[in-house]
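Accompanying notes for the structure given below.
Start at 1 and go down the list; that is how both ligands and their atoms are numbered.
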Amino acid sequence: MHHLHFETIDSTNTYLKDNYQSHEDMTFVSADHQTKGRGRSGRIWHDDEKKDLMFSLLLKDELLLDKFGSVSIVSAYTILEVLKEYSDKDITIKWPNDVYVDGKKICGILLEAVSDDRLKCLVVGIGVNLNSVEFNNEYLRTPTSLKLETGKDIDIEEFQSKVFDKLNDNLKKLKDGHDFYEEISKHDYLKNQEAYCLIKGNKEKIKIIGIDSDYSLKIIRNDEVTSISSGEISFHI
Ligand code: BTN
C-alpha cells in the first residue's frame, strides 16, 4: 500500500489515469483540494478545501481488472462499513456505488478504466462528505455530511486511514473469491422501489427488485425481469 498526498491537484482520478505507469498497484492518491474534481456522467465534484475526504486508488492486479462491477460496489460497501463506526443511522448503498445516510447522498464513487489495446488499470475515485455543511454539487437532492449527521467535527486523517485499511482488506478478500452479496444486499437503498429511469434516452417507469448476486441490478421492465449493469441507465425515485 502506497500513499501520495497533494495539497491541491486538478483531480486525483485524472492524476492516476495520466501517471499510472509510474505507480504501483494499490497506490492511494489523496488531496486537500481539487480544482477540477470529477463526478459521474460528466458532473463536477466541488469541494471546500480540507473539509472532506477525496482520494483515488490505482488497481493494476489482473485479478481485479475484469471485476469492474464488484470493485465498484465493494468500494461503496467499504465506505458504508467505516461510516457505521461513526453513526448508527440508516446507511445504504444506492446501486451502483453511491452511499446514502437516511436517504441523502454522503459519498460518490467514480470508477474509471485505462486501456489501449488491453485493459491497463482501474482508478477508483472516492469522495466522502465529512465536514462540509454546504454543497454546490449538481445533484437533484441535497447531500449530507458526516458532521451534519453526527453533529461532530470529523478528523479527516483518522477517517481516511480506516478507509484505506478496510479497502485494502476488502479488495484482498475480493481477489480471494469472497462473496460480499449477503452483506451488500442488506443495505440496498433501491430494493423494492419504483423508479423513473432513462434507458437509451427514453424515460420509463420500472420496478426495482434489488441488487443481484452478480452485483447487477435486477428490475422489472415492461413486465419482464431483466438485469442491468452499471452505466446503462440513470434513474430517479
Ligand atoms: C459521483 O458521485 O458523481 C462521483 C464523485 C467522485 C468524486 C471523487 S473525489 C476523488 C476523485 N477525484 C475526482 O476527480 N473524482 C473522484
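- Taking a cut-off of under 4.0 Å to the non-hydrogen atoms of S11, the atoms of ligand 1 that pass are 12 (N), 13 (C), 14 (O).
- Only backbone heavy atoms of I109 (N, CA, C or O) come within less than 4.0 Å of ligand 1; its side chain stays farther off.
- Other residues, nucleotides and ligands contribute only 12 or fewer heavy atoms inside 6.0 Å of the CG atom of D223.
- Ligand-side atoms of ligand 1 in range of G127: 8 (C), 9 (S), range being under 4.0 angstrom from any heavy atom.
- N170 and E81 share a side-chain donor-acceptor pair at under 3.5 Å.
- With R38, M54, E112 as candidates, the residue nearest to atom 15 (N) of ligand 1 on a non-hydrogen basis is R38.
- With contacts defined as side-chain heavy-atom distances shorter than 4.5 Å, the pair D32/F6 does not qualify.
- Considering backbone and side-chain atoms alike, W45 places every N or O at 3.5 Å or more from each N or O of ligand 1.
- Under a 4.0 Å criterion applied to the non-hydrogen atoms of T12, ligand 1 contributes the atoms 10 (C), 11 (C), 12 (N).
- Between the side chains of E149 and S87, not a single donor N or O lies within less than 3.5 Å of an accepting N or O.
- Annotation: cation-pi pair K105/Y100 absent, no NZ/CZ under 6.0 Å from the ring centroid and within 45° of its normal.
- Within ligand 1, counting atoms from 1 as listed, the ones closer than 4.0 Å to a heavy atom of G37 are 14 (O).
- In this structure, the side chains of L4 and F28 stay at 4.5 Å or more apart for every pair of heavy atoms.
- Under 4.0 Å from ligand 1, the heavy atoms of I126 that appear belong solely to its backbone.
- Side-chain atoms of S56 and N13 include a donor-acceptor pair closer than 3.5 Å.
- Proximity of the aromatic rings of Y189 and H187 is defined here by a centroid distance below 6.0 angstrom, and this criterion is not met.
- Below 4.0 Å from some heavy atom of F55 lie the following atoms of ligand 1, by number and element: 10 (C), 11 (C).
- Between R43 and ligand 1, no pair of N/O atoms sits closer than 3.5 Å.
- Near G39, meaning under 4.0 Å from one of its heavy atoms, ligand 1 places the atoms 1 (C), 3 (O), 4 (C), 5 (C).
- Less than 4.0 angstrom separates some heavy atom of K105 from each of these atoms of ligand 1: 1 (C), 2 (O).
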